[in-house]
Trainee: 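What follows is a structure written as structure tokens; I'll ask about it next.
The sequence lines fix the lettering, A, B, ..., with proteins before strands; numbering per chain opens at 1.
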2 protein chains.
Amino acid sequence: MGRPKSFDEDAVLDRAIEQFWATGYHAVSVRDLEASTGVLKGSLYAAFGDKRALFIAALLRYASQSADQIRELLAHGETPRDGLEHYLRVRGRDCTGPHRTRGCLLANTAAEVAPHDAEIRAVVGQSFEKLADALVPAIRAAQAQRLINRRHEAKELAAHLVVLVQGMSVVGKTEPDSSLIRSSLRFALTLLNPD
Amino acid sequence: MGRPKSFDEDAVLDRAIEQFWATGYHAVSVRDLEASTGVLKGSLYAAFGDKRALFIAALLRYASQSADQIRELLAHGETPRDGLEHYLRVRGRDCTGPHRTRGCLLANTAAEVAPHDAEIRAVVGQSFEKLADALVPAIRAAQAQRLINRRHEAKELAAHLVVLVQGMSVVGKTEPDSSLIRSSLRFALTLLNPD
DNA sequence: CCATTACTTGAACGCTCGTCCAAAAATCAC
DNA sequence: GTGATTTTTGGACGAGCGTTCAAGTAATGG
């Protein structure tokens with residue numbers, strides 16, 4: 001009982017994700033969040049605690065959505081190799097072009113906030129590791145079917161791709177035409193070629 | 001004539017680099033800079049303009065120092081391949097371990113500030129491109145001597161390594177032990193193997 | 001229909017931010 | 001020594017920050 005909530009918390013988190021993603025943690029004010037979510041600050045404080053707690057909630061939601069999307073992208077196509085290629089191409093597309101300068105919220109947060117906040121650092125670090133863990137079985141499967149290069153350890157290739165994708169999301173924020181991203185993506189795709 | 005400056009501008013910029021590097025642009029206040037440089041804010045404003053201008057001056061200095069260091073690292077060892085390997089190993093070491101969470105100021109700036117400031121974006125973007133341009137001749141030379149893999153375009157490998165290194169500096173900020181960095185570095189070194 | 005409960009509302013708080021500027025201090029030219 | 005010139009100094013300013021909270025509002029239980 002009591003007065004019912006006038007907003008959906010997940011919808012608010014989605015708007016908060018957008019805002020933090022586009023603008024960064026420090027550069028977003030609680031009043032900005034008020035404006036973009038349509039929820040007055042008092043209610044935001046009642047629902048989430050404070051700015052940092054709201055950010056962490058948004059970050060966890062983003063990480064979870066991101067993990068779902070990886071599984072989806074890797075399942076694309078007929079073979080495990082298709083999935084890997086699709087994943088890389090989509091990630092490349094996400095950070096190419098003049099209007100794709102948001103990069104990845106996890107990478108942005110790693111750069112801006114992680115060193116100064118152990119809890120946030122743990123969230124981001126675990127997300128990176130989960131991403132690598134999701135790539136490993138796809139790589140192993142593709143190797144088993146001899147669809148990609150077998151010279152490399154699956155774990156090492158997975159780590160390499162995780163680091164590369166985060167690098168693309170950072171470098172992509174500085175280059176509207178993104179020749180570096182494109183070249184680096186082309187190179188990465190050759191890593192998937194069979195022996 | 002007139003009262004002489006009581007501080008060296010480059011020394012102030014070096015302290016500012018440290019501060020922005022460790023803490024980020026928005027999270028550093030002019031009073032922090034006052035404390036870390038030992039120069040009162042009025043003098044900072046007189047010498048550099050405002051916080052943003054001081055940041056840009058520091059960023060340009062960092063970029064220039066960084067470019068010098070790349071040339072130095074690539075010149076290490078007996079062969080062009082040694083230089084490339086040394087460059088990657090040092091960059092890996094720079095962002096591995098619990099006390100190396102500053103990453104790279106260019107990457108941090110790309111993530112936090114670049115999307116919202118065209119001038120800063122241009123500085124960072126050009127630095128990335130210059131870095132790639134510095135790698136290309138080393139790669140070509142190593143290929144010509146058949147010291148590394150010749151299957152790949154030098155430009156694409158260079159772009160790949162630039163993006164990878166920026167990725168390492170970002171991912172490294174979240175992992176005190178940095179297994180992802182280590183794996184990805186090991187993988188990158190295999191890319192330098194001869195055919 | 002009233003007490004209870006939960007959420008909303010927006011004014012207010014103390015603080016810190018980036019920036020400015022008048023006065024004091026240090027140098028040089030003459 | 002004196003005036004011109006430049007830098008230093010640190011107090012002050014308005015704006016905006018994250019946060020709090022008392023009052024108002026909408027639902028429920030009896």
Trainee: Could you give the CE-to-C1' distance, from A:M1 to C:dT5, as a whole number of Å?
Mentor: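 So the CE-C1' distance, A:M1 to C:dT5, works out to 4 Å.
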Trainee: Angle between the two end axes of the helix from C:dC1-D:dG30 to C:dC30-D:dG1, five base pairs per end, rounded to 10 degrees?
Mentor: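 Angle reported: 0°, given to the nearest ten degrees.
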Trainee: Not counting sequence neighbours, which residues clear side chain to side chain contact (heavy atoms under 4.5 Å, CB included) with A:S29? List them please.
Mentor: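 For A:S29 the side chain to side chain contact (heavy atoms under 4.5 Å, CB included) partners, ignoring immediate neighbours, are A:R31, A:D32.
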Trainee: Please enumerate all residues that pass side chain to side chain contact (heavy atoms under 4.5 Å, CB included) together with B:T79, with sequence neighbours excluded.
Mentor: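 Applying side chain to side chain contact (heavy atoms under 4.5 Å, CB included) to B:T79 gives B:R81, B:D82, B:L147.
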Trainee: Would you say B:T109 and B:V123 make side-chain contact, with heavy atoms under 4.5 Å?
Mentor: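 B:T109 does not reach B:V123 side chain to side chain.
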Trainee: Any ion pair linking A:E153 and B:R186 (charged N to carboxylate O, less than 4.0 Å)?
Mentor: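 Answer for the salt bridge query: no.
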Trainee: Please list each protein N or O that sits under 3.5 Å from an N or O in nucleotides 11-13 of chain C, with the distance.
Mentor:
unit_1 : atom_1 : unit_2 : atom_2 : d
C:dA11 : N6     : A:K41  : NZ     : 2.9
C:dA12 : N6     : A:R31  : NH2    : 3.4

Trainee: With a 6.0 Å cut-off on ring centres, are B:H26 and B:H116 close enough?
Mentor: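 No; B:H116 has its ring centre 6.0 Å or more from that of B:H26.
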Trainee: State which residues pass ring-ring contact (aromatic ring centres under 6.0 Å, His included) with A:F128; sequence neighbours excluded, sorted by chain then number.
Mentor: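 With sequence neighbours excluded, A:F128 shows a ring-ring contact (aromatic ring centres under 6.0 Å, His included) to no residue whatsoever.
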Trainee: List for me each residue that meets side-chain hydrogen bond (donor to acceptor under 3.5 Å, both in side chains) alongside B:Q145, sequence neighbours excluded, and say none if there are none.
Mentor: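 If we apply the side-chain hydrogen bond (donor to acceptor under 3.5 Å, both in side chains) test to B:Q145, skipping adjacent residues, there are no hits.
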Trainee: Taking A:M168's backbone N and O only, do any of them form a donor-acceptor pair with B:Q166's side chain (distance below 3.5 Å, no angle check)?
Mentor: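 Answer holds: no.
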Trainee: Count the heavy atoms belonging to other residues, nucleotides or ligands that lie under 6.0 Å from CZ of A:R15, then report whether that count exceeds 12.
Mentor: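 No, the 6.0 Å shell around CZ holds no more than 12 heavy atoms from other groups.
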Trainee: Please work out which residues in residues 6-27 of chain A have a non-hydrogen atom less than 4.0 Å from an atom of DNA chain C and list them by number.
Mentor: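 Close to the strand are A:S6, A:F7.
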Trainee: Answer with base, sugar-phosphate or nothing: what part of the nucleic acid does B:S43 contact at a heavy-atom distance below 4.0 Å?
Mentor: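 Base contact.
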Trainee: Taking only residues two or more places apart in sequence, or in another chain, which ones meet A:R3 in a side-chain hydrogen bond (donor to acceptor under 3.5 Å, both in side chains)?
Mentor: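 By the side-chain hydrogen bond (donor to acceptor under 3.5 Å, both in side chains) rule, A:R3 matches no residue at all.
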Trainee: If the condition is side chain to side chain contact (heavy atoms under 4.5 Å, CB included), which residues does A:R102 pass it with, not counting sequence neighbours?
Mentor: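 A:R102 satisfies side chain to side chain contact (heavy atoms under 4.5 Å, CB included) with A:E18, A:W21, A:A22 only.
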Trainee: Rounded to whole angstrom units, what separation is found between the CZ atom of B:R3 and the C1' atom of C:dA25?
Mentor: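 Roughly 5 Å, once rounded to whole Å.
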Trainee: Of all nucleotides in DNA chain D with an atom under 4.0 Å from a non-hydrogen atom of chain B, which is the first and which the last going 5' to 3'?
Mentor: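 Footprint of chain B along DNA chain D, 5' to 3': D:dA4 to D:dA12.
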Trainee: Are A:D94 and A:R91 close enough for a salt bridge, meaning some N to O gap below 4.0 Å?
Mentor: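 A:R91 and A:D94: salt-bridged.
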Trainee: What residues from residues 44-58 of chain A pass a heavy-atom cutoff of under 4.0 Å to DNA chain D?
Mentor: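 Contacts with DNA chain D under 4.0 Å: A:Y45, A:D50, A:K51.
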Trainee: So, are B:E175 and A:R121 salt-bridged, with charged N and O less than 4.0 Å apart?
Mentor: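 A salt bridge is absent here (no side-chain N lies under 4.0 Å from a carboxylate O).
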Trainee: For the side chain to side chain contact (heavy atoms under 4.5 Å, CB included) test, which of A:L157, A:N193, A:L191 pairs with A:I148?
Mentor: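 Per the side chain to side chain contact (heavy atoms under 4.5 Å, CB included) rule, the option paired with A:I148 is A:L157, out of A:L157, A:N193, A:L191.
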Trainee: Would you mind reporting whether A:Y25 and A:I120 have side-chain heavy atoms less than 4.5 Å apart?
Mentor: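 No, their side chains stay 4.5 Å or more apart.
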Trainee: Start at the 5' end of DNA chain D and walk down; is the nucleotide closest to A:V30 or to A:G42 reached first?
Mentor: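 Nearest nucleotide further toward 5': that of A:V30.
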Trainee: Looking at A:F187, does the NZ or CZ of B:K155 lie under 6.0 angstrom from its six-membered ring centre and within 45 degrees of the ring axis?
Mentor: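 Because its charged atom misses either the 6.0 Å distance or the 45° angle limit, B:K155 does not stack over A:F187.
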Trainee: Just so I know, are the side chains of A:R89 and A:Y87 near enough to count as touching, which here means a heavy-atom distance under 4.5 Å?
Mentor: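 No, every pair of side-chain atoms sits at 4.5 Å or beyond.
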Trainee: Please list, in numerical order, the residues of residues 109-116 of chain B that have a heavy atom closer than 4.0 Å to any atom of DNA chain C.
Mentor: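 Close to the strand, none.
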Trainee: Could you tell me if B:S183 and A:E156 have a donor-acceptor pair between their side chains, going purely by distance under 3.5 Å?
Mentor: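 Checked: A:E156/B:S183 side chains show no N/O donor-acceptor pair below 3.5 Å.
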Trainee: Rounded to whole Å, how long is the line connecting atom CD of B:E34 with atom P of C:dC17?
Mentor: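 Distance, rounded to whole Å: 11 Å.
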